[in-house]
2 protein chains.
Amino acid sequence: MTQVGVELIVMTVRQRDLEVLLVRRPGNEWALPSGRVRGEHLATRASEVLNTQTGISGIRLEQLFSFDRDGTTQVAVTYLALIAADRYPLAPGDDIVEVRWCPLDDLPSLPPGHAGAIAYGHERLRAKTAYAPIAVQLLPETFTLGELHEVYEVILDAQLDARNFRRDVLAAGVVEEVGTERRSGPGRPARLYRSRGSEFAVIAQERGPAERISRLDVPTQHTE
Amino acid sequence: MTQVGVELIVMTVRQRDLEVLLVRRPGNEWALPSGRVRGEHLATRASEVLNTQTGISGIRLEQLFSFDRDGTTQVAVTYLALIAADRYPLAPGDDIVEVRWCPLDDLPSLPPGHAGAIAYGHERLRAKTAYAPIAVQLLPETFTLGELHEVYEVILDAQLDARNFRRDVLAAGVVEEVGTERRSGPGRPARLYRSRGSEFAVIAQERGPAERISRLDVPTQHTE
DNA sequence: TCAAAAGTGTTTCTCTTACACCCATGT
DNA sequence: ACATGGGTGTAAGAGAAACACTTTTGA
């Protein structure tokens, strides 16, 4: 008999900073939202735990990894999610004292394994951002290319040429113009865009057999 | 209380065909090697199950995905492995009647979910082969570039120009010459190579911020 | 000497990179 | 008017794709 739990790594970008969602139970340290799994399906349970403990619902969860844990929970199935912080107000659940966003580079003391899970989620986010347009999930319904650009820079922790970025994003067809503009402070008003979401997968262009071999062997969890 | 199990998807390439390792218990249909997890670590238990049921040991396992299952096992953590079939003789374990390699495109009836897990493993293999030199695991200690070429073609299910392939593999530095040659039937003898394995990760070249955005959104398991 | 497989080099073209300038607004 | 962020275009270079020929063996 093994105890199974789900753990949620919900990330956002604010003020050019990557942050993760943490909860605190009375008398306990900060931790990832997490809960025991009984009969339910893993993904179902993960949504439920997130909703119950933080008030967030209706977002995409992606299974990240299953970790060995000690304590009562022996196997923790982690889920990763990306959201725009201001689209989802936080509401601490019943047995939760506080919910808050916490910068990745300034984490408090956490239960064993949680920091590792967060680090792995961060790595995966970075890796996937490089080849899939998932970063739009971190922005509101409509956004400017400047905002998207900033999010990419934060995630990849690199400077991206704004002009090339714009060209590539538009060429990739992952966003569409919304028609309106936004003016905020000085500077020319920026056009607003929205993600094309799933329709886009269909349009997806085949890539040649180009990248068939690569120089990078991503270290993953292996065992002899 | 939830029952946790591990399932192993071990793949090989033979005669230009992708095959997966299946086992059969007395009175049961064919299935992936699998076993219950009790107190052990997941990866440890996965190695053990593989060894006990098929006689194979000492290979790299990569965690693939955790699936919901019905029956007694409610959560199945799957592991993916690539090996050269002829390097590992099969030895059916105690409660196993038969072990065999089975072509992916001609699977027998399997327990619910197993076919899906195999399909997902296949997809992952294909995707990862495109950017990481994992295919060498499917070959013996030493091999010719012709053999490696063939393995790539089988996995990617595409024709790769032999000359460009050779150039790129050598440039990537993932293999090194062994010095000897092999002659088999007519044709010029082929030089033998070996994988540079892990030393190679260090040499790994940084790639520019090139592939920052892409046209492909790999569909993954999501939930609302 | 012929068939079969291994190995080498070159040209073309696309995509990435790097970079300089104009536009529209708030103050 | 000027500072600030938004938007457009282009030229140079690297890398991918396509391709033709020589070499070495067994039969």
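Numbers restart at 1 for each chain; the letters A, B, ... are given by sequence-line order, proteins then strands.
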(message) With a 3.5 Å cut-off and heavy atoms only, can you find an N or O donor on one side and an acceptor on the other between the side chain of B:Arg183 and the base of C:dA5?
(response) no
(message) Looking at D:dT23, I'd like to know if its phosphate oxygens (OP1 or OP2) sit under 4.0 Å from a side-chain N or O belonging to B:Arg191.
(response) no
(request) Look at the side-chain N and O atoms of B:Arg166 and state whether any lies under 4.0 Å from the OP1 or OP2 oxygen of C:dT8. (result) yes
(request) Would you state whether a donor and an acceptor, one from the side chain of B:Asp168 and one from the base of D:dA16, lie under 3.5 Å apart? (result) no
(message) From CZ of B:Arg182 over to C1' of C:dA4, roughly how many Å is that when rounded to an integer?
(response) 16 Å
(request) Between C:dT8, C:dA18, D:dG9, spot the one nearest the side chain of A:Asn164, thanks. (result) C:dA18
(request) List for me each residue that meets side-chain hydrogen bond (donor to acceptor under 3.5 Å, both in side chains) alongside B:Arg194, sequence neighbours excluded, and say none if there are none. (result) B:Glu176
(request) Report the nucleotide, chosen from D:dA17, C:dT25, C:dT8, that has the shortest atom-to-atom distance to any side-chain atom of A:Pro186. (result) C:dT25
(message) Under 3.5 Å, is there any donor-acceptor pair linking the side chain of B:Arg163 to the base of D:dA20?
(response) yes
(message) Tell me the interatomic distance from B:Leu192, atom CG, to C:dG7, atom C1', rounded to whole angstroms.
(response) 14 Å
(request) For B:Glu147 and C:dA5, give me the distance from atom CD to atom C1', rounded to whole Å. (result) 12 Å
(request) Mind calculating the distance between CD (B:Glu150) and C1' (C:dA6) to the nearest angstrom? (result) 15 Å
(message) Return whichever of B:Arg167 or A:Ser184 has its heavy-atom-nearest nucleotide of DNA chain C closer to the 5' end.
(response) B:Arg167
(message) Looking only at the aromatic ring of each residue, does the gap between the centers of A:Phe65 and A:Tyr120 stay below 6.0 angstrom?
(response) yes
(request) Check every atom of D:dT25, D:dC19, D:dA17 against the side chain of B:Asp161 and return the nucleotide holding the closest atom. (result) D:dC19
(request) Give a yes-or-no answer on whether the side chains of B:Glu19 and B:Thr12 include a donor-acceptor pair shorter than 3.5 Å. (result) no
(request) Could you check B:Leu8 against B:Ser34 for side-chain contact (heavy atoms from CB on, under 4.5 Å), going step by step and ending with a plain yes or no? (result) CA-CA 6 Å; B:Leu8 287 114; B:Ser34 63; over 6 Å; no
(message) Please determine whether a side-chain nitrogen of the Lys or Arg among A:Glu147 and A:Arg182 lies less than 4.0 Å from a carboxylate oxygen of the Asp or Glu.
(response) yes
(request) Return the value, rounded to whole Å, for the distance between atom CD of A:Glu177 and atom P of D:dG6. (result) 15 Å
(message) In whole Å, I'd like the distance from the CG atom of B:Leu148 to the C1' atom of C:dA5.
(response) 16 Å
(message) Whole angstroms only, please: what is the CZ-P distance between B:Arg188 and D:dT25?
(response) 8 Å
(message) Measure CD/A:Glu181 against P/C:dA24 and give the value in whole Å, please.
(response) 10 Å
